[in-house]
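Below is one structure, written out as structure tokens; comments come after it.
In what follows, chains carry the letters A, B, and so on, assigned in the order in which the sequence lines appear, proteins first and then strands, with residues in each chain numbered from 1. Just so you know, these numbers come straight off a predicted model, no measurement behind them.
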Amino acid sequence: MLELRLVQGSLLKKVLEAMKDLVTDANFDCSATGFSLQAMDSSHVALVALLLRSEGFEHYRCDRNITMGMNLNNVSKLLKCAGNDDIITIKADDGGDTVTFMFENPKQDKISDFEMKLMDLDSEHLGIPDAEYHAIVRMPSLEFSRICKDLSSIGDTVVISVTKEGIKFSTRGDIGNANIVCRQNTTVDKPEEATVIQMNEAVSLTFALRYLNSFTKATSLSETVTISLSSELPLVAEYKIADMGYIKFYLAPKIED
Amino acid sequence: GLHQVRLFRFFFVL
């Protein structure tokens with residue numbers, strides 16, 4: 001038996017919005033640790049890893065580990081029926097082939113439930129080795145989103161370089177080229193407005209902007225994003241989900257033949 | 001030129 005009650009239901013709505021364009025079908029894994037998901041996009045270039053820790057739920061019952069295969073677009077459609085202030089409860093029976101989403105409005109005078117058929121998915125769960133990153137940059141998530149959007153109107157790929165000077169985003173296209181540099185800036189009113197650069201070694205990697213733009217759908221989940229880079233490794237963009245966990249996106253670089 | 005690498009190059013299938 002599985003029963004997860006999330007008071008801040010809007011978080012789940014945002015999580016689905018952040019993932020549904022990148023991944024079509026995915027297995028949600030439920031264990032004593034929490035509610036999690038790992039899935040790749042269809043071209044196996046990008047990966048999303050979600051964790052909502054059990055402590056973040058008002059009520060968390062998971063008698064045995066359950067894997068639930070779902071079409072994320074369908075889950076997103078169901079969650080659009082929940083109000084932003086609704087409490088969301090996810091229920092499933094062990095060995096069952098359905099999941100139920102229940103929505104309660106704050107006044108507790110409207111209760112909706114939606115039952116959805118689960119899918120049997122063959123998923124390739126990837127082992128991600130721990131890595132030492134050459135550079136870790138924390139910056140406002142809205143700024144990162146703006147940069148990816150602006151540069152994609154000029155080019156298809158971005159070179160992200162981190163030096164002592166800052167983090168530089170460069171692109172080139174038919175109309176010309178563009179460079180945006182964000183310097184470390186910790187003299188801000190609020191810590192979430194800071195750009196903080198931790199660099200062990202200068203790094204420069206090329207990525208497809210299309211995927212980075214897709215990752216920025218998670219912007220509403222967190223005011224900051226942490227970008228980790230190492231030469232010869234996928235980029236990690238992490239959006240922390242307050243008190244609950246994270247959504248991390250991995251993106252393989254483009255490299256010289 | 002540049003080519004897009006897949007994640008399998010860095011991560012292993014469990």
pair L126(A)-F8(B): side-chain heavy atoms closer than 4.5 Å: yes

Please classify the contact of T157(A) with chain B as side chain, backbone, both or neither, using a heavy-atom distance under 4.5 Å. neither

Validation row: L14(B), Q38(A) side chains within 4.5 angstrom (heavy atoms): no

Select one option (side chain, backbone, both, neither) describing which atoms of A131(A) are under 4.5 Å from chain B's heavy atoms. neither

Looking at D156(A), I want to see if its CG is surrounded by more than 12 non-hydrogen atoms of other residues, nucleotides or ligands under 6.0 Å. no

Any idea which heavy atoms bring Q4(B) and A208(A) closest together, and the distance? OE1-CB, 4.1 Å

Separation of H3(B) NE2 from T206(A) OG1 (nearest 0.5 Å): 12.0 Å

Hey, is the main chain of F10(B) close enough, under 3.5 Å, to the side chain of E232(A) for a donor-acceptor pair? no

Side chains of L7(B) and V45(A): closer than 4.5 Å at any heavy-atom pair? no

Rounded distance [0.5 Å steps], CZ in F11(B) versus NE2 in H44(A): 13.5 Å

